Amino acid sequence: MNILIIGAGGREHTLAWKLKQSPKLNKLFVAPGNAGTAAIAINVLIDVNDFEAIKTLVNKEGIDMVVVGPEDPLVNGIHDFFLKDSELKHVSVIGPRKMAANLEGSKEYAKEFLFRHNIPTAAYKSFTSDILEEGYSFLETLKPPYVLKADGLAAGKGVLILNDLQEAKDELKTMLVDAKFGSASATVVIEEFLAGIELSVFVLTDGKGYKVLPMAKDYKRIGEGDSGLNTGGMGAISPVPFADKVLMDKIQEQIVKPTVEGLKKDNLPYKGFIFIGLIKVGDDPFVIEYNVRMGDPETEVVIPRIKNDLVEVFQAVADQTLDAIDLQIDERTATTVMLVSGGYPEAYEKGKEITGFEKIEDSIVFHAGTDSKDGKVVTNGGRVMAITSFGTDFKEALLKSYQNINKIHFDKMNYRKDIGFDL
Ligand code: AMP
Ligand code: GLY
């Protein structure tokens with residue numbers, strides 16, 4: 001089978017690394033990919049939203065399956081584009097269609113879905129600029145901190161958590177009236193604040209049945225002790241030590257099942273990953289967000305723990321025979337630590353030579369923002385590489401990642417030295 005992965009990050013390198021292990025794989029393409037995927041697959045320099053260029057590649061190379069990494073092309077309807085085209089409709093696409101991708105593309109749509117299907121989540125109301133005053137009144141009924149969310153995709157920056165009422169009102173106005181996040185904040189969801197510890201559950205569904213994949217916890221803030229600005233994710237651990245059987249059963253019954261059933265009831269055919277962001281309040285899980293893809297860097301710890309042939313699993317998603325797959329999970333803990341460019345998540349430099357990573361044997365090096373230049377591997381993004389290790393517990397796994405990170409160098413390299421500090 002010939003497979004194309006869409007995307008360029010650590011998530012896509014991990015998917016490529018795993019698919020590459022399958023005897024069922026013939027040729028593997030990644031568009032656009034990074035220096036890591038270039039070493040194990042064929043990179044094709046195509047923008048993830050250039051569907052016509054993707055179509056040309058699929059036809060030329062006889063690609064049978066397209067695995068979509070990031071949310072953008074899904075929200076833009078790449079799956080529907082394939083289904084509507086007589087030359088492409090035989091190609092399997094792993095990733096939901098445009099309507100269901102709205103679960104990530106619109107916070108308001110996701111909240112309506114959650115309430116319609118009685119899935120635990122924070123109370124909310126949504127507002128547009130013509131009812132700004134009602135937004136102010138609603139804020140006055142809430143206790144701080146105030147949670148303001150841009151409805152649309154805002155590159156992970158669209159959520160504001162504010163302690164001061166006046167500041168919350170000012171930000172609401174900036175979002176709605178001054179288009180702080182462009183058209184993404186034309187609608188703003190104001191939500192009750194939930195205090196608790198976060199974790200993520202990943203589900204793979206074929207639209208009929210589903211498999212719950214290993215859970216993971218990621219570390220979003222740039223600074224140690226969860227301080228400073230939000231990033232795409234600085235590290236991850238799977239499994240999550242506090243997610244015991246009681247919590248897992250609640251997540252399964254109260255959240256995963258009604259989500260998959262809800263998709264069916266709403267007539268939203270879904271073939272792909274559902275990433276459910278959860279917060280544990282007391283002993284109970286609440287949904288804070290849906291993503292319609294795998295997480296990054298969560299993929300770097302979840303996928304390595306799956307023992308099955310991933311080509312077979314994806315084929316079962318395409319054929320709607322996922323129920324027949326016996327998912328085998330590695331019992332060990334996997335951890336990943338993200339190496340980032342100095343300055344990230346604000347301005348940072350690119351093009352720095354990366355050395356030492358080739359020598360690492362007992363960790364897996366997943367490239368994120370890397371590129372090849374004159375035979376060297378150089379930095380090409382804020383998040384540069386994720387170093388994944390296995391251990392009997394997260395401490396043992398992390399120790400391996402940190403020991404191996406000491407062998408890797410690039411100018412202004414930064415990483416968090418306290419992944420797992422809260423566990
Ligand atoms: P989201 O983009 O919806 O995942 O939100 C980004 C981050 O904001 C989450 O990872 C949480 O840390 C935080 N957050 C979102 N919604 C809430 C909420 N209702 N209560 C507390 N924290 C929240
Ligand atoms: N690590 C969070 C995300 O992928 O959205």
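In this chain, residues are counted from 1 in sequence order. In listed order, ligands and their atoms are each counted from 1. This one's a predicted model, so the numbers in the text were calculated from it and none came from an experiment.
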| message | Quick check with a 6.0 Å cut-off and a 45 degree axis cone: is Lys217 positioned over the face of Tyr219's six-membered ring? | response | yes
| task | Would you verify whether the NZ or CZ of Lys417 falls within 45 degrees of the ring axis of Tyr415 while also being under 6.0 Å from that six-membered ring's centre? | result |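 Here Lys417 passes the 6.0 Å and 45° test against Tyr415.
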Atoms of ligand 2, numbered as shown, that sit under 4.0 Å from any heavy atom of [X]:
| X | answer |
| --- | --- |
| Gly232 | 1 (N), 2 (C) |
| Glu298 | 1 (N), 2 (C), 4 (O) |
| Asp218 | 1 (N), 2 (C) |
| Phe275 | 3 (C), 4 (O), 5 (O) |

| request: Kindly determine whether Asn43 and Thr37 satisfy side-chain hydrogen bond (donor to acceptor under 3.5 Å, both in side chains), including the steps that lead there. | output: CA-CA 7 Å; Asn43 278 2; Thr37 62; 2.7 Å; yes
[Y]/[X] salt bridge by N-O under 4.0 Å criterion:
| X | Y | value |
| --- | --- | --- |
| Glu191 | Lys149 | yes |
| Arg116 | Asp266 | yes |
| Lys400 | Asp362 | no |

| request: Using side-chain hydrogen bond (donor to acceptor under 3.5 Å, both in side chains) as the criterion, point out the one residue from Arg221, Lys220, Arg416 that pairs with Asp226. | output: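 For Asp226, the side-chain hydrogen bond (donor to acceptor under 3.5 Å, both in side chains) check succeeds only for Arg416.
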In terms of residue, atom name and distance, what is the protein heavy atom nearest to [atom]?
| atom | answer |
| --- | --- |
| atom 20 (N) of ligand 1 | Leu194 N, 2.8 Å |
| atom 19 (N) of ligand 1 | Glu191 OE2, 2.7 Å |
| atom 5 (O) of ligand 2 | Arg293 NH2, 2.9 Å |
| atom 11 (C) of ligand 1 | Glu198 OE2, 3.1 Å |
| atom 5 (O) of ligand 1 | Val159 CG2, 3.4 Å |
| atom 1 (P) of ligand 1 | Glu289 OE1, 3.5 Å |

| field | Closest approach of Leu327 to Val212 (non-hydrogen atoms, all atoms of both residues) | value | CD2-O, 3.9 Å
| field | Atom pair CG (Asp151) and OG (Ser126), whose distance is rounded to the nearest 0.5 Å | value |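 Output value for this atom pair is 7.5 Å.
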| query | Got a second to check how far Phe314's CZ is from Ile325's CD1, nearest 0.5 Å? | reply | 11.5 Å
| query | Does Asp296, backbone or side chain, put an N or O under 3.5 Å from an N or O of ligand 2? | reply | yes
| note | Note: ligand 1 atoms sitting under 4.0 Å from heavy atoms of Lys149 are 3 (O), 15 (C), 16 (N)
| said: Show me which atoms of ligand 1 lie under 4.0 Å from any heavy atom of Lys107. | reply: 1 (P), 2 (O), 3 (O)
| With a 4.0 Å cut-off on heavy atoms, is Met294 touching ligand 2? |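 The answer is no: ligand 2 sits nowhere under 4.0 Å from a heavy atom of Met294.
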| said: With a 4.0 Å cut-off on heavy atoms, is Gly295 in contact with ligand 2? | reply: yes
| field | Selected option - heavy-atom contact closest to atom 23 (C) of ligand 1, from Leu160, Ile161, Val189 | value |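 Going through Leu160, Ile161, Val189 one by one, Ile161 has the nearest heavy atom to atom 23 (C) of ligand 1.
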| field | Location of contacts on Arg11 toward ligand 2, heavy atoms closer than 4.0 Å | value | neither
| query | Of the backbone atoms (N, CA, C, O) and the side-chain heavy atoms from C-beta on, which set of Ile288 has a member under 4.0 Å from an atom of ligand 1: side chain, backbone, both, or neither? | reply |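 The answer is both.
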| Do Gln166 and Asp170 get their side chains close enough for a donor-acceptor pair, meaning under 3.5 Å? |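 Side-chain D/A pair, Gln166 to Asp170: present.
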| message | Does the protein come close to atom 7 (C) of ligand 1 - that is, does one of its heavy atoms sit below 4.0 Å from that atom? | response |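 Within 4.0 Å of atom 7 (C) of ligand 1, no protein heavy atoms are found.
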| Flag side-chain contact, heavy atom, 4.5 Å: Leu28 against Ile5 | yes
